[in-house]
Amino acid sequence: MTAPLSQTALLLELEPVVAKNLDRHLSMAKEWFPHEYVPWSEGRTFDGPLGGEAWAKTDSTIPDVARTALIVNLLTEDNLPSYHHEIATLFGRDGAWGTWVHRWTAEEGRHGTAIRDYLTVTRAVDPVALERARMTHMSAGYHNVHGDEVLHSLAYVSFQELATRISHRNTGRATADPACEALLARVAADENLHMVFYRNLLGAAFELAPGQAMRAVSDVLADFQMPGVGIEGFARKSVAIALAGIYDLRQHRDEVVLPVLRQWDVFNVTGLDADGEAARDQIARHLDDLERAASRFEERRDARASRLAARA
Ligand SMILES: [Fe+2]
Ligand SMILES: [Fe+2]
């Protein structure tokens with residue numbers, strides 16, 4: 001049995017895969033401009049130093065739950081300095097890894113800019129509450145629970161990028177505003193390319209160190225949380241988001257976890273050590289648990305919808 005690869009060895013071995021997928025990413029990524037997605041002519045000066053009109057909820061017709069999801073998605077994007085710190089510390093700032101870290105950061109920076117401009121101009125959310133929430137959220141920072149482990153981090157971001165893709169896309173639909181939907185579809189397309197990059201890297205790790213890769217995936221799925229988990233009132237907000245079908249357990253299992261696991265073909269990976277086999281068993285059990293939890297949630301949501309319909 002060969003000894004597990006060290007974190008440094010993993011980074012070195014994966015460097016050529018990073019270089020190849022960076023080229024792939026750059027050839028696929030489409031340049032886009034945040035300012036083109038914002039309806040600037042709808043904007044009005046706010047109160048404060050310029051003496052405009054204060055924000056009022058009636059300024060926008062976007063449904064409440066879509067506003068909640070937009071706030072969660074934007075605050076998540078806002079915490080980019082912390083994410084950058086996490087991956088720059090782990091992956092380094094040199095060579096192909098470093099080029100990726102900086103390019104990825106630049107792309108993510110565009111997301112926060114675009115969504116904030118849109119929300120401010122259209123007056124979709126209270127800009128004072130939003131700014132206070134941003135200060136609180138960024139002041140707390142973000143810490144990756146597996147921050148010093150390369151494969152765990154790659155597994156986490158593979159799922160997380162796909163999760164944000166689904167969340168942005170469904171948030172766009174929930175706004176019923178074609179302009180917002182177009183913007184969030186554009187952002188979601190970026191998140192998908194990020195997911196493919198990380199998923200391909202971990203796919204290569206499955207060939208390099210199958211047992212370690214399986215362990216990483218199993219550990220990450222067991223304690224997976226969305227990156228916005230530290231947002232004030234996150235539990236309450238995520239229930240509202242799940243009830244609206246923007247991001248719920250069913251989507252998490254069937255549209256995020258399963259497709260990524262399928263790409264890695266985890267249930268047919270060979271060359272696992274004992275711990276890798278144990279990790280794969282844990283993944284299978286986790287999928288069963290998720291299935292039960294998702295079904296339970298759907299039943300409760302349906303029952304709630306019927307009750308509300310009967311009352312109305
Ligand atoms: Fe993003
Ligand atoms: Fe992303």
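Since the structure is predicted, the reported quantities are computational estimates derived from the model, not experimental observations. Atoms within a ligand are numbered from 1 in the order they appear, just like the ligands themselves.
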Would you mind naming the N, O or S atom of E191 nearest to the Fe ion (ligand 1)?
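In E191, the N, O or S atom with the shortest distance to the Fe ion (ligand 1) is OE2.
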Could you pull out the atom name of the N/O/S atom in E108 that is nearest the Fe ion (ligand 1)?
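In E108, the N, O or S atom with the shortest distance to the Fe ion (ligand 1) is OE1.
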Got a sec: does the NE2 of H85 have more than 12 other heavy atoms crowding it under 6.0 Å?
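Atom NE2 in H85 is not packed in, count stays at 12 or less.
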So for atom CD, which belongs to E232, do other residues, nucleotides or ligands contribute more than 12 heavy atoms lying within a distance under 6.0 Å?
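Incorrect, the count does not exceed 12.
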Got an N, O or S from E77 under 2.8 Å of the Fe ion (ligand 1)?
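Yes, since at least one N, O or S atom of E77 sits under 2.8 Å from the Fe ion (ligand 1).
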Let me check your reading of the structure: within less than 2.8 Å of the Fe ion (ligand 1), is there an N/O/S atom from H111?
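Checking H111: at least one N, O or S atom is under 2.8 Å.
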Starting from the Fe ion (ligand 2), look over the N/O/S atoms of H194 and name the nearest one.
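Nearest to the Fe ion (ligand 2) within H194's N, O and S set: ND1.
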Taking every non-hydrogen atom, the tightest pair across T45 and R123:
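Reported closest heavy-atom pair: O-NH2, 3.1 Å.
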Is the ring pair Y83/Y142 parallel, tilted or perpendicular, if the boundaries are 30 and 60 degrees?
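The rings of Y83 and Y142 stand perpendicular, inter-plane angle above 60°.
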Strictly under 2.8 Å, is the Fe ion (ligand 2) approached by any N, O or S atom of E161?
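So E161 does bind the Fe ion (ligand 2) by this criterion.
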I would like to know whether Q160 and F224 meet side chain to side chain contact (heavy atoms under 4.5 Å, CB included); could you show each step before the answer?
CA-CA 9 Å; Q160 172 266 315; F224 183 87; 4.3 Å; yes
